[in-house]
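One structure below.
By convention here, the first residue in the shown sequence is residue 1. Quantities reported herein were computed from a predicted structural model and do not represent experimental measurements.
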Amino acid sequence: TMVRVAIFGAVLPLALYLAGWSCRWQFNWRRLSVWLLLWFLGCWSVPFLVGALLGDPRSLWTVTEGLLTFTAISLGLMLPFLLLSFVHGWFGERLKKALCLK
């Protein structure tokens, strides 16, 4: 449905912004990757937990499985862009500017 697409479209830039904000004092690719993973887990846990509380209650394993699946999909979508920015200097500078680091 459209709500799910809107949530997915909001989580990706929000997690990327928060990861950039979290490592703005000491930026490197490892730190950004770890923070991005943590923020994806955090951002995806909110809709899953709200859905589990408001909707029909599912088992803890189903919610955890969905959370890990959506986190993996999100990281998979971001991985080509992150690898390109980590390897190529020009794209790395653009990523830093997009994250408001420079």
Side-chain angles (χ1 to χ4, degrees):
T1 63
M2 294 301 288
V3 174
R4 292 179 184 156
V5 172
I7 290 171
F8 197 81
V11 165
L12 290 178
L14 177 65
L16 187 61
Y17 171 76
L18 291 171
W21 180 79
S22 298
C23 66
R24 66 181 170 200
W25 292 284
Q26 290 181 321
F27 179 80
N28 62 27
W29 65 273
R30 286 186 192 109
R31 186 178 304 272
L32 180 66
S33 300
V34 169
W35 276 110
L36 190 60
L37 173 67
L38 294 174
W39 281 113
F40 272 137
L41 283 171
C43 289
W44 278 121
S45 66
V46 172
F48 276 99
L49 292 176
V50 168
L53 292 174
L54 296 178
D56 82 62
R58 300 179 189 133
S59 69
L60 181 62
W61 174 249
T62 306
V63 173
T64 305
E65 187 179 55
L67 174 66
L68 294 176
T69 301
F70 273 84
T71 300
I73 290 170
S74 301
L75 285 173
L77 286 173
M78 296 298 296
L79 188 63
F81 303 109
L82 291 175
L83 287 176
L84 185 62
S85 67
F86 296 154
V87 172
H88 197 278
W90 186 80
F91 290 106
E93 291 300 318
R94 297 296 179 260
L95 177 65
K96 289 178 186 175
K97 285 183 182 180
L99 296 175
C100 300
L101 299 174
K102 282 190 175 184

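- Both Val3 and Phe70 belong to a common hydrophobic cluster when Ile, Leu, Val, Met, Phe, Trp and Tyr are linked at side-chain heavy-atom distances under 4.5 angstrom.
- Through direct or relayed side-chain contacts under 4.5 Å between Ile, Leu, Val, Met, Phe, Trp and Tyr, Phe91 connects to Leu84, Trp90.
- Proximity of Ile73 to Phe8: side-chain heavy atoms (C-beta onward) are separated by under 4.5 Å at one or more points.
- With rounding to the nearest 0.5 angstrom, the CG atom of Leu95 is 6.5 Å from the CZ atom of Phe86.
- Here the CE-OG distance, from Met78 to Ser33, works out to 10.0 Å after rounding to the nearest 0.5 Å.
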Show me, pair by pair, the donor-acceptor contacts under 3.5 angstrom made by side chains of residues 34-42, not counting sequence neighbours?
from: Trp39; atom 1: NE1; to: Leu18; atom 2: O; distance (Å): 3.4
from: Trp39; atom 1: NE1; to: Ser22; atom 2: OG; distance (Å): 2.8

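- For Val50, the side-chain contact (heavy atoms from CB on, under 4.5 Å) partners are Val46, Leu54, not counting sequence neighbours.
- When hydrophobic side chains of Ile, Leu, Val, Met, Phe, Trp and Tyr are connected at separations under 4.5 Å, Leu79 ends up clustered with Leu83.
- Note that the CG atom of Leu32 and the CG atom of Leu16 stand 7.0 Å from one another [nearest 0.5 Å].
- Partners of Arg31 under the side chain to side chain donor-acceptor pair (under 3.5 Å) rule, at least two apart in sequence or in another chain, are Gln26.
- Taking every heavy atom of both residues into account, Pro47 and Ile7 meet most closely at CG-CG2, 3.9 Å.
- For residues 68-87, every residue pair satisfying the side-chain hydrogen bond (donor to acceptor under 3.5 Å, both in side chains) rule, not counting sequence neighbours, is listed here: Trp44-Ser74.
- Leu99 is not connected to Tyr17 by any chain of hydrophobic side-chain contacts under 4.5 Å among Ile, Leu, Val, Met, Phe, Trp and Tyr, and they are in different clusters.
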